[in-house]
Amino acid sequence: MLRLPPFRFLVPKTSREAASMLADHGPDAMVVAGGTDLYPNMKRRQFEPKVLVSLRGIADTRGITANGGLRLGAMATLSAVAAHADVIARWPAVAKAAGLVSSPPLRNAGTIGGNLCVDTRCTYYNQTEFWRASIGYCMKKDGHICLVAPGSDKCWALSSSDTAPVMIALGAEVTLVGPKGERRIPVPQLFGRDGIAYLAKRPEEILTDIHVPDRAGWSMTYRKLRRRGSIDFPILGVAAAIQRDAGGIVTDARIVLGAVHTHPVEATDAQEFLKGKRLDAETIEMAAGIAYKPARPLDNADLSYAWRKRMARIEVGRALRELAGLPTGDLPPVVA
Amino acid sequence: MVNSPSQRTVIGQRLRRPDAPDKVKGTALYIEDLDFAGSLWGGVLRSPHAHARIRKLDTARARGVPGVRAVITAKEIPGRNVIPMVQSDWPVLAQDFVRHVGEGVAVVAADTREALAEGLAAVQVEYEPLPALLDMEEALAAGEVMARYKVRRGEASVALTRSDLIVVEGTYQTPYQEHAYIEPNGMIAAPDGTGGVVVHGSMQCPFYVQKGVASALGLDLNRVRIVQTVTGGGFGGKEDAPSAPGAHAALLAMATGRPVRLILTREEDMAVMSKRHPARVQVKLGATRHGHLIAAEIDYLLDGGAYATLSPVVLFRGTVHACGPYRVPNVKVESRVVRTHKVPCGAFRGFGEPQVVFAFEAALDELAERLGQDPLVLRLKNALQIGDETITGHRLSESVGFREVLEQVAAASDWKRKREEYARERGTVRRGVGLAACYYGVGLGAMGKHLNPAGANVVVAGDGSVTVAVGTTEIGQGMVTVLTQIAAESLGCPPDAVRVMEADTSRVPDSGPTVASRTTVMSGNAIRDAAAKIRAAMEPVIADSGLPWREAVALCVQKQIGLAAHGWAVPPATTFDLATGQGEAYVCYSFSANVVEVEVDTETGETRVKGVWSGHDVGRVVNPTLGEGQVEGGVVQGLGYALTEEHALRDGRILNDQFSTYIIPTPLDVPEIKSVLVESPFPWGPYGAKGLGETPIIAVAPAVVAAIHHAARIRLYTLPATPERVWDAIRALPPPGEAASG
């Protein structure tokens with residue numbers, strides 16, 4: 001098997017202390033929560049930290065509380081989030097997205113904060129050291145060029161978080177703790193616009209909490225397209241949340257696409273289009289036709305980009321039909 | 001009671017496999033679990049290029065790295081720098097040229113993993129990259145043909161011009177397939193203290209590894225002892241390929257005088273070890289309007305990769321099975337395997353059949369549609385029966401259970417009703433059922449006769465316990481259990497008295513390779529031969545005494561009767577003419593048919609398999625549980641081949657060498673699989689048994705693709721049937737209204 005390189009493992013007692021450790025060690029240090037993404041990346045030498053700052057020793061980071069809004073401790077496991085009764089009842093899209101990440105063993109170890117911050121992915125980057133060396137490396141690690149889009153000055157690795165599109169669709173915010181203090185930002189501001197600098201937070205900042213507002217009266221869902229219903233990373237994620245008035249007219253709409261760009265993509269035109277309309281089959285079809293346009297999949301993930309882009313239209317349509325109570329007409333899920 | 005061999009008591013029972021508890025509990029010791037005192041870490045420096053000249057290879061710096069104990073390149077190999085297989089073209093380590101990405105250039109042994117990594121990095125290689133042949137059609141055009149075969153029967157080209165025939169034609173493509181055994185290849189070699197070497201490792205064929213190691217070290221075979229450790233699956237991937245890591249580890253052990261563990265990572269194993277050959281198959285198939293097959297022309301091309309390994313034999317099997325288990329009076333098959341600058345392809349369960357069977361069965365499905373006939377009816381009409389000849393002119397005189405297999409899977413799957421009912425579906429998600437069939441010549445056949453005999457040593461100890469030694473191996477398929485049953489049955493002893501030895505070349509006779517669905521038949525018959533000799537020695541003493549086994553043995557011991565024997569099995573003689581492709585290609589055939597039920601999402605192209613009914617004529621079922629295990633495992637591997645498994649390459653580099661990107665079905669992705677085992681005894685086989693190891697994988701993909709056609713009305717000519725391929729084909733359909741109904 002591929003093996004981990006040697007590293008120092010630090011276990012701070014507070015988030016502030018963790019942030020200080022990250023600041024002290026600079027680029028040599030990385031933070032580890034569940035480790036389900038980090039350790040495999042270390043084995044392939046995509047990450048080469050000398051120091052790991054673990055969050056497991058910090059008290060009260062796994063809590064899930066639902067008083068009005070929802071507060072998720074960043075270290076809450078994906079299993080815990082997916083199984084939490086209040087989350088299932090009031091923020092079902094959050095439970096669904098968390099429950100669709102990878103496989104049960106990885107959801108038992110992987111955390112909600114870790115999934116929000118999960119590394120971007122690319123065919124040419126998620127490779128062993130030998131492989132990357134043999135082709136001369138790519139700009140995301142050790143190299144200078146983009147092997148997907150030669151000539152590009154930015155990295156096109158794909159945002160592959162299942163939970164990020166949902167959090168954006170629900171208007172969630174995150175708390176970031178630095179060595180000197182903390183701040184709270186909306187989730188879209190957590191993400192950069194490049195596959196390398198995909199997180200816009202400062203390197204020493206630690207994501208400690210996720211705050212999801214009360215969405216009583218909204219309907220919401222998350223749909224995930226992947227090769228196997230049992231395990232894979234998304235090749236497309238669609239989060240949709242709709243607020244309607246008593247007469248069934250859409251008063252607010254959020255549609256966010258995952259795995260189609262270096263960051264989650266809000267389908268703003270489709271959102272605007274839906275406002276003031278009734279969610280009928282024809283409107284849904286038109287909205288889906290608008291929503292898939294900002295998707296920018298490239299030839300750097302499983303299956304062809306042309307197919308993935310067209311599927312964005314299909315899956316947005318299905319997500320909205322689900323919210324409208326119309327038949328979605330697709331295969332039943334593998335994982336019930 | 002000592003059972004007379006005619007009173008069958010053990011054959012057909014669900015005897016529990018002795019290796020199950022350790023494997024289930026995780027206490028079985030695979031190669032990576034073994035620890036040899038003072039062992040070094042071994043590793044291989046591999047080529048980053050598909051094709052290059054080695055301008056300079058300097059190991060001085062690597063040798064100077066602290067902790068590095070040995071660095072070996074081609075010029076330090078004491079024996080021959082070739083792994084002996086069908087053609088002598090496969091070097092132990094690259095000499096002057098590298099011919100595929102991942103080819104071994106040097107091997108290094110070091111005290112620690114860190115020193116090993118440093119040592120490998122310090123080997124200085126200067127490559128001059130050369131143009132690489134990466135496409136099999138280009139390789140064919142360039143004349144890079146490793147082997148070619150043909151079948152000539154009747155006048156196919158003339159017959160296909162007959163105006164009364166319905167003719168279908170198509171070109172089919174199939175991908176690489178990865179064995180995906182649960183344990184990568186790995187070996188631990190150690191000097192034996194007397195000038196020889198002992199190599200432990202994960203493998204199917206210890207006597208192949210023995211040959212490879214002896215040749216590289218320049219030692220006699222009796223100086224090379226190979227011990228097979230608990231092996232996490234082979235599927236053909238541990239037939240030819242393990243000779244390379246075996247030789248690498250042994251070279252390092254002899255150079256350092258210490259044990260060396262050389263265990264591949266999964267990614268390394270996927271990148272450099274053998275795979276199923278990608279193929280291109282052209283089929284032209286003609287039948288009368290009543291559905292009688294008249295003629296077939298098939299052009300079969302395999303991508304062999306850089307070295308021949310077993311490619312010629314793989315091609316031979318595909319060539320002679322090209323028209324499936326049907327009567328076809330006029331046949332022309334041309335087949336070639338070409339050399340490219342890619343990873344060498346080799347043995348894989350099915351061995352050259354899955355590719356050509358996919359093409360032929362897909363063409364047959366299309367022919368059924370053109371004829372307006374049920375695909376089952378068309379197959380029944382042309383099914384081989386006793387008295388018929390195969391396309392190689394082999395007249396079948398016994399053990400042909402194909403019709404029963406077809407009829408039973410059709411009945412079990414409710415074929416007729418589903419064919420009619422699902423054809424009327426109009427929703428987004430549509431159901432479909434598809435059928436496909438195959439046959440498989442058991443054993444090594446015309447191309448491997450010299451390897452086909454099998455030996456067995458059976459020793460009865462004074463307490464009545466029995467030791468059975470054969471050179472075939474337990475690779476998870478259940479050989480130990482099946483041979484225990486055969487030994488118990490043929491000796492007339494209780495099965496718990498029998499122990500089948502671990503395969504160790506110093507203790508077991510060569511029984512030929514554990515391949516070609518031959519182990520039950522060949523090792524089984526060798527055991528029966530030995531057992532018959534022991535029984536013959538016992539009979540005068542025990543006569544009709546009615547003594548229980550252990551008392552009967554005690555009596556024989558008292559009477560100074562020797563109770564040990566060597567058994568030897570040689571298959572019935574066959575003849576084959578390579579110039580015409582006519583003759584008895586194999587001694588007998590197993591037959592199989594699958595019905596697969598799918599749901600297809602016509603908006604996304606996604607396919608979900610809902611059920612598989614898999615029928616096999618195996619001659620006689622020795623152990624139903626293990627038989628079902630073979631069927632279920634083979635079907636799952638076939639479903640992966642049908643739907644998700646393929647390698648993408650860039651400049652000869654495999655892009656998906658991890659299980660996150662090489663997509664195999666997980667248990668949740670697999671439907672219920674119903675095994676239908678048909679018994680049409682093969683008189684020469686032990687208690688009538690034939691082989692079952694490979695039929696389960698062969699005719700799965702064409703059944704899946706036929707089911708997708710039934711559901712979505714599309715024809716696919718390329719595997720795997722990915723959502724995008726299905727979706728593309730659906731989009732290419734004429735708009736509704738113009739489409740033919742049904």
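Since this is a predicted model, take the numbers as computed values, not measurements. Letters A, B, ... mirror the listed sequences (proteins, then strands); counts begin at 1.
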Pair count under 4.5 Å, heavy atoms only, with chain A: among B:Glu114, B:Glu32, B:Arg266, B:Arg725, highest is B:Glu32
Looking only at the side chains, is there a donor atom on one of B:Glu724 and A:Ser304 sitting less than 3.5 Å from an acceptor on the other? yes
Please give me the minimum heavy-atom distance between B:Ser47 and A:Phe130, naming the atom from each residue. O-CZ, 3.5 Å
What is the distance from atom CZ of A:Arg227 to atom CG of B:Leu643, rounded to the nearest 0.5 Å? 9.0 Å
Contact class of B:Pro667 relative to chain A, heavy atoms under 4.5 angstrom: neither
Correct closest heavy-atom pair for B:Thr666 and A:Ser230 would be OG1-OG, 2.8 Å
Out of A:Leu303, A:Thr128, A:Asp302, which one racks up the most heavy-atom pairs below 4.5 Å with chain B? A:Leu303
Which of the residues B:Thr604, B:Thr428, B:Asp269 is involved in the greatest number of heavy-atom pairs with chain A at under 4.5 angstrom? B:Thr604
Exceeds 12 heavy-atom contacts within 6.0 angstrom, atom CZ of B:Phe659: yes
Quick one: which residues of residues 318-325 of chain A reach chain B at under 4.5 angstrom, heavy atoms only? A:Arg318, A:Arg321
Of the backbone (N, CA, C, O) and the side chain (C-beta and beyond), which part of B:Ile664 lies under 4.5 Å from a heavy atom of chain A, both, or neither? both
Once you round to the nearest 0.5 Å, how far does OG1 of B:Thr265 lie from CZ of A:Arg3? 10.5 Å
Output the distance between atom CD1 (A:Ile135) and atom CG (B:Leu655), rounded to the nearest 0.5 Å. 7.0 Å
Given the rule in the side-chain contact (heavy atoms from CB on, under 4.5 Å) test, do A:Gln127 and B:Gln658 qualify, once you have shown the distances and angles that lead to the verdict? CA-CA 8 Å; A:Gln127 297 285 357; B:Gln658 309 166 34; 4.0 Å; yes
Indicate yes or no: at least one non-hydrogen side-chain atom of B:Ile663 is less than 4.5 angstrom from one of A:Asp232. yes
Verdict with supporting geometry, B:Arg650 and A:Leu147, side-chain contact (heavy atoms from CB on, under 4.5 Å): CA-CA 11 Å; B:Arg650 176 163 167 158; A:Leu147 294 165; 4.0 Å; yes
Tell me whether A:Trp131 contacts the main-chain N or O of B:Ile654 through its side chain, where contact means a donor paired with an acceptor under 3.5 Å. yes
Please flag which part of A:Asp330 lies under 4.5 Å from any non-hydrogen atom of chain B: side chain, backbone, both or neither. both
Can any side-chain N or O of B:Arg653 pair as donor or acceptor with the backbone N or O of A:Ser134 at less than 3.5 Å? yes
For A:Tyr124, is it the side chain, the backbone, both, or neither that has a heavy atom closer than 4.5 Å to a heavy atom of chain B? side chain
Report yes or no: does B:Arg608 contribute a side-chain atom to a donor-acceptor pair with the main-chain N or O of A:Leu331 at less than 3.5 Å? no
Taking it one step at a time, do B:Leu668 and A:Arg228 satisfy side-chain contact (heavy atoms from CB on, under 4.5 Å)? CA-CA 9 Å; B:Leu668 286 173; A:Arg228 286 168 292 194; over 6 Å; no
Contact part of B:Thr644 toward chain A, heavy-atom cut-off under 4.5 Å: side chain, backbone, both or neither? both
Identify which of A:Pro6, A:Ser103, A:Pro332 forms the greatest number of heavy-atom pairs closer than 4.5 Å to chain B. A:Pro332
If you take all heavy atoms of B:Arg731 and A:Arg310, which pair is closest and at what distance? NH1-NH1, 3.5 Å
Decide, yes or no, whether a salt bridge links B:Glu267 with A:Arg45 under the criterion of side-chain N to carboxylate O below 4.0 Å. no
Shorter than 4.5 Å, heavy atoms on both sides: which option in A:Arg308, A:Glu315, A:Met1 has the most such pairs with chain B? A:Met1
